[in-house]
Amino acid sequence: MYRRLPVVAFLLIAVTVGACRRESPEPPPPPPPVQQTDDDEAARLEAQRIADSIAAVRAAEEAAQRQREAAAAAARAILEQRVHFDFDESRIRTDAEQVLRQKVEVLRSSPDVRLRIEGHTDERGSAEYNQALGSRRAQAILDYFLEYGLSESRFVITSFGEERPLVNRSDEEAWAQNRRAEFIITAGADQINPPGSN
Amino acid sequence: MRLHTPRNTMTTRIFSSPLLVLATLSLAVTGLHAQEPPVDTFPGVSLGLLYEGRQLAPTIGIQPFVGDDPGGLASRAENIVARDLRYSSRFRVLDSIPASVVREQVDYALWDQINATWLVSGRIEAGSGGRSTLVLEVHDVVYREVVQTGRFPLPEPSDPDFRMAVHLASDAVVQWVFDEPGIAATRIVFARRMDDGSQDLWVVDSDGENLRRLTMERPDEDGYAINMSPAWSPDGTRVAYTSYRTGMPRIYELEVATGRVRSVPTIRGGDYITPRYHPDGERLFFAVNGGGRSGIYSYNIVRDCCFENLTEGRFEDLSPVFSPDGRQLVFNSNRLGVGTPQIYVMPAGGGQPSLISPYLFSRPGYYTSPDWSPRGNRIAYHGRVERRGVHQILVSEVGNRSRIVQLTDEGVNEDPSWAPDGRHIVFSGERGWGRGLFIVDTQTGATRTLVSGMRARFPAWSPTLTPAVVDGG
């Protein structure tokens with residue numbers, strides 16, 4: 001019982017003070033109870049709408065990010081895709097040219113990317129001369145890139161000759177696989193943009 | 001040097017060699033099919049083994065070695081010498097005779113009876129500290145006298161150089177009798193490819209013993225353990241080679257006794273390959289490929305300075321090898337057109353290269369990996385037999401393009417390297433039963449296996465090793 005006393009006292013004081021301030025302007029009428037309910041609902045809906053749109057934007061962003069990543073991964077795959085050569089040849093084959101053309105587009109849209117081009121041969125022929133043949137293959141690819149106006153400073157070429165076969169067998173299929181150029185990204189691996197995005 | 005008439009008749013000698021019989025047969029077969037187009041041979045090359053001025057090997061007997069012999073030292077030394085003399089291809093070594101049959105005193109009448117022209121006797125003298133001495137005598141059985149005596153210090157039998165010390169004695173026998181260098185005290189360095197694709201340099205004595213790994217370096221994070229194309233310095237103390245240890249092929253030099261490695265710096269971009277020493281032992285010559293240019297460069301590895309450029313062009317010049325007098329250079333180039341490497345000789349100071357491989361306009365062929373004989377008169381290389389696409393070993397005479405001999409016909413054979421006697425050649429080969437290194441005697445065509453059952457490539461025969469090198473001094 002006595003615990004309530006301070007509350008009662010406070011209320012009394014409040015009433016007295018209130019009585020003393022008669023001349024202050026009328027407070028605005030409280031909004032109708034029904035309308036108040038409507039407003040709460042609208043706010044809730046609005047919040048929901050905002051949350052939904054944020055989620056949508058986020059999802060779209062994430063999808064776009066995923067798409068960008070997928071595009072970058074695809075672009076990276078294009079950059080790293082091997083090209084193959086005919087026996088004892090450093091001439092660029094038609095199928096290889098299609099791949100190289102795609103590489104050019106990726107390289108144009110990804111100016112920070114640098115590549116090491118490695119020439120490889122099959123095991124037939126002289127090992128030391130194959131070293132030179134691999135070098136000629138890497139050079140043929142570099143020449144192709146330079147023709148499309150890419151800067152020579154972005155590339156390093158080398159040859160492994162027959163020393164690093166992809167397939168360790170001695171048959172036509174293995175030889176065809178081993179006569180190749182490999183592309184190693186030496187800089188700008190996190191700056192790969194899909195073709196046409198720059 | 002003294003000349004003796006061979007005791008065996010020509011007929012027995014010729015037909016005692018199965019290879020010669022084979023060669024005769026193959027020549028007969030070639031003759032039968034003379035009308036057919038020669039698609040599977042080299043133009044202008046004699047297939048088979050025809051040799052002029054071939055001298056019949058004199059016989060040599062070996063008196064069982066004797067001496068203070070706790071560890072069977074005498075018989076071990078005797079076995080090594082007997083095999084060395086056989087591998088020299090200069091003697092017909094008589095079957096060994098048990099010590100019980102032969103008296104300790106040399107019995108010339110007995111050796112004469114079994115047709116020995118020469119005789120070797122040996123004695124082990126024990127010394128202090130485990131070291132002993134091999135006293136070797138060469139006897140002329142016909143004149144019944146000792147023609148030469150030599151004393152050869154031997155390390156302890158457990159010492160890795162024990163065999164090499166005995167090899168020095170074997171080479172002395174060849175030197176005394178023929179006044180020619182032997183090949184017993186030599187080693188062959190080569191690259192051995194492992195299943196994981198790595199390739200280190202290994203070395204083996206010329207009799208197939210003492211196989212061991214020479215390079216141990218593992219690559220940088222970005223590099224690859226691929227070493228190739230080894231070449232000996234003229235004194236046999238150093239080996240130059242190509243390594244991908246940084247990811248790009250560069251030239252290195254390894255000091256064999258210490259394992260210390262030096263590198264040739266780069267003068268421009270490109271791949272640095274196929275190093276060889278100039279006979280001065282200071283300058284390394286090698287090819288630099290890439291950047292649309294290729295050329296032969298040299299660098300003084302001893303003074304660590306001074307790049308020089310010998311050739312350069314859009315074609316590839318590879319594998320430069322000097323003549324022993326240093327006045328000429330043989331190399332491999334595709335300057336006639338891409339895909340048909342040929343062998344050229346040019347003056348060391350530069351000038352017009354002349355073709356020595358059997359090129360024909362209609363059948364250009366494919367010839368690479370030249371090596372100049374230490375005698376200066378011949379150049380070995382390998383060529384691709386057109387239809388089968390396999391390689392065989394060829395030898396051209398310097399200054400006579402029409403004299404070319406094909407040394408191998410079985411399997412695939414590549415990368416010939418001359419022995420210091422200018423007579424034997426080591427090469428890498430692939431047979432139906434596997435791969436390995438083989439040694440062929442260019443005078444008779446007789447071939448033996450040096451190492452087998454491994455992917456051994458780029459063999460290079462050392463010069464004759466001096467006692468200082470053998471002792472690691």
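Values below: all heavy atoms of this structure, side chains included; hydrogens, waters and symmetry mates excluded. A note on names: the letters A, B, ... follow the listed sequences, proteins ahead of strands, and every chain is numbered from 1.
A cation-pi contact, defined as under 6.0 Å to the ring centre and within 45° of the axis, is absent between A/Arg164 and B/Tyr244.
Side chains of A/Ser90 and A/Arg137 form a contact here, defined as non-hydrogen atoms less than 4.5 Å apart. A 4.5 Å side-chain heavy-atom check between B/Phe315 and B/Asn334 finds at least one atom pair inside the cut-off.
Salt bridge A/Asp86/A/Arg179: absent, no basic N to carboxylate O contact under 4.0 Å. For A/Glu62 and A/Arg58, the salt-bridge test fails: no basic side-chain N is under 4.0 Å from an acidic carboxylate O.
Between B/Tyr297 and B/Phe286, the ring planes lie parallel to each other; the angle is under 30°, not in the 30° to 60° tilted range.
Of the listed residues A/Ser135, A/Gly119, A/Gly125, A/Gly161, the one with more heavy-atom pairs under 4.5 angstrom with chain B than any other is A/Gly125. The most heavy-atom pairs under 4.5 Å with chain A, out of B/Gly269, B/Pro249, B/Ser294, come from B/Pro249.
Chain B is approached within less than 4.5 Å, heavy atom to heavy atom, by A/Asp143, A/Val156, A/Ile157, A/Thr158, A/Ser159, A/Phe160 from residues 143-160 of chain A, ordered by number.
Heavy atoms of A/Glu128 lying under 4.5 Å from chain B belong to its backbone as well as its side chain. Heavy-atom distances place no part of B/Arg293 under 4.5 Å from chain A, backbone and side chain included. At a 4.5 Å heavy-atom cutoff, the contact between B/Asp271 and chain A is made by side-chain atoms alone. With a 4.5 Å cut-off on non-hydrogen atoms, B/Thr368 touches chain A through its side chain but not through its backbone.
Checked against a 6.0 Å centroid threshold, the rings of A/Phe85 and A/His120 do not count as neighbours. Separation of the B/Phe285 and B/Phe331 ring centroids does not fall under the 6.0 Å cut-off.
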Legend entry - A/Glu69 and A/Gln65: CA distance, side-chain angles, deciding distance, side chain to side chain donor-acceptor pair (under 3.5 Å) verdict: CA-CA 6 Å; A/Glu69 280 168 8; A/Gln65 177 66 21; 3.0 Å; yes
